[in-house]
Structure formats: structure tokens, C-alpha cells
Amino acid sequence: MRVRPWSAVAAACAALLVVTGCAVNGPDPAPAPIAPAPAESVELPQRPEDLAVAGKQDDDVCTWLSAEQQQSLRVGGAQPVIRNGDNYNGCGYLGDTGAARFAIGVRIVPEPVELFLQKINSSPGTRQVYVLSGFGTVQSQIGGGEGLGCDAFIDAAEGQTVWVNMQLQTPGAMNADQMCEKAQTAAHSAVSTLQAQS
């Protein structure tokens, strides 16, 4: 896998990182959609438990994707995420499929999913609600930037969202389904790891 230095990707993604983040995890079955989420509100199922994410630091988040999961996602080089005006702790990874270069980030947002979705430029038409190991997750893309990546927002705990973002670095190398599949896989892996750690 050929991977560019994190600083080069950070420069290329600086504008995107204001609105997005990065994350990854391992090979898990694809989640089944529940229903499209309306623009005004998001109905999420009750959590089976609260995942221990509050107050975790960058180094903690960088343990949420195992070496095996990173290999499956074709990513590596875990680094603390670049902060551009936010204080969301997280970890970023660089990926390369040969045809496509991308970044995956995982961040902790100390807000409920519903509130956070109101703050970012989430395109309502791309929203889909999934359940990942019992945790409600909203898949979405940035309005006007649907070709740039895909996000997964996990209802991890009371007032805590785990934000997984896939950012495409090679324009046109993946379609929306492929980008969102990467985000879903990374999100599922992070949830699996967090459940195993608790």
C-alpha cells in the first residue's frame, strides 16, 4: 500500500476537515438499513449500552481499529486528527487501494447525533439510519460535496457521538456506495472494538 505523509493529506483536506473527520475498522457484515432519515429529525433505536467514549484522548481513539481491521480497510499510519477550529479528539488513517487514495477519521463529538447533524452541512437526501451491533448510526454525505466522501454518526452514549468519516483524495475514483461502504465498515469495526474493550 502506497501512503502519502499525513501532512500532505492534511494540506489537501484542510477545508474538508473543518466539516469532516476520519476513522476505520475491520471486516464485518454490512449493516441493514432501517429507513431513510427525514431532514427534520432522526429516529434512532435505544442503545444496548453506553460505550465508554467520553473524555477519551487521541491515543485512545487510535486503538479502536486493530492492525487486522486497518489491513482489511487498506489503511495505516494512525495519527491524531488535525484540529481546525474544533476540539474533537480523534484519530486519522491514510488509505490507498491502488486506484484510490483516501483518508478515514474517527472522532468523538460530545453531543447527541441529532444535535450534531443540525450543525454540519449534512445532506438530508443522503441520510440513512443503520444499526451497528445495536447502536443507531446515521450515514450521510456533505451537501454539495457528495463526491468527496461519506460519514457515519454513531449514537455511542448519552450525549456522545462517534463520527467516522471517509474522505476521497482521488476525485472520481470511488462512487457514493463505495465511499459509504468504507465508512460503514470502519464504523462497525470501531463499535466492535469499543464493545470488546468495555
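When reading the values below, keep in mind they use all heavy atoms of this one structure, side chains included, and skip hydrogens, waters and symmetry mates. We're numbering straight along the sequence, starting at 1.
Atoms CD and CG, from Gln46 and Asp155 in turn, are 10.0 Å apart once rounded to the nearest 0.5 Å. Atom CZ of Phe135 sits about 11.0 Å away from atom NE2 of His188, to the nearest 0.5 Å. Taking CD1 of Ile142 as the start and CG of Leu148 as the end, the distance is 9.0 Å to the nearest 0.5 Å. The SG atom of Cys62 lies 13.5 Å from the NZ atom of Lys56; values are rounded to the nearest 0.5 Å. Note that CZ of Phe102 and CG of Asp96 are 7.5 Å apart. Values are rounded to the nearest 0.5 Å. Interatomic distance, Gln184 CD to Asp151 CG, rounded to the nearest 0.5 Å: 12.0 Å.
Between Thr97 and Met174 the shortest side-chain heavy-atom distance falls below 4.5 Å.
Across all their heavy atoms, Met166 and Lys182 have their closest contact at CG-CB, 3.9 Å. The two residues Leu168 and Ala100 make their nearest non-hydrogen contact at CD1-CB, 4.1 Å. The minimum heavy-atom distance between Thr137 and Ala152, with the atom names listed, is CG2-CB, 3.9 Å. Of all heavy-atom pairs between Ser133 and Ser192, the closest is OG-OG, 4.4 Å. Residues Gly92 and Val81 come closest through the heavy atom pair N-CG1, 3.6 Å. Between Ile154 and Ala187, the shortest heavy-atom contact is CD1-CB, 3.7 Å.
A donor-acceptor pair under 3.5 Å links the side-chain atoms of Gln178 to the main chain of Asn175, judged by distance alone. Side-chain atoms of Gln197 never come within 3.5 Å of backbone atoms of Leu194 as a donor-acceptor pair (strictly under, hydrogens ignored). Distance alone, capped at 3.5 Å, is enough to place a donor-acceptor pair between the Gln57 side chain and the Gly55 backbone. Without hydrogens or angle criteria, Glu114 side chain to Pro112 main chain gives no donor-acceptor distance under 3.5 Å.
Thr170 meets the side-chain contact (heavy atoms from CB on, under 4.5 Å) test with Arg101, Ala173; sequence neighbours excluded. When the side chain to side chain donor-acceptor pair (under 3.5 Å) test is applied to Glu158, the partners found at least two apart in sequence or on another chain are Arg47. The side chain to side chain donor-acceptor pair (under 3.5 Å) check on Glu181 picks up nothing, with sequence neighbours excluded. With sequence neighbours excluded, the residues forming a side chain to side chain donor-acceptor pair (under 3.5 Å) with Glu111 are Lys119, listed by chain and number. Residues satisfying the side-chain contact (heavy atoms from CB on, under 4.5 Å) criterion with Ser140, sequence neighbours excluded, are Ser122, Thr126, Arg127, Phe153. Gln141 pairs by the side chain to side chain donor-acceptor pair (under 3.5 Å) definition with nothing, not counting sequence neighbours. For Gln71, the side-chain contact (heavy atoms from CB on, under 4.5 Å) test picks out no residue, with sequence neighbours left out. Listed by chain and residue number, Tyr88, Gln160 satisfy the side-chain contact (heavy atoms from CB on, under 4.5 Å) test with Pro110 (two or more places apart in sequence, or in another chain).
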Is there a side-chain contact (heavy atoms from CB on, under 4.5 Å) between Val138 and Leu117? Walk through the geometry before answering.
CA-CA 9 Å; Val138 179; Leu117 284 172; 3.9 Å; yes

List the steps, then state whether side-chain contact (heavy atoms from CB on, under 4.5 Å) holds for Val162 with Val61.
CA-CA 10 Å; Val162 172; Val61 181; over 6 Å; no

Could you please spell out the steps behind the side-chain contact (heavy atoms from CB on, under 4.5 Å) verdict for Thr193 and Gln69?
CA-CA 10 Å; Thr193 299; Gln69 291 167 333; 3.4 Å; yes

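Note on residues 105-168: pairs passing disulfide bond (SG atoms under 2.5 Å apart), not counting sequence neighbours, are Cys150-Cys180. Contacts classified as salt bridge (charged side-chain N to carboxylate O under 4.0 Å, His left out) and involving residues 186-198 (residues at least two apart or in different chains) are not found.
Enclosure of atom CG in Asp59 is not indicated, since only 12 or fewer non-hydrogen atoms of other residues, nucleotides or ligands lie within 6.0 angstrom.
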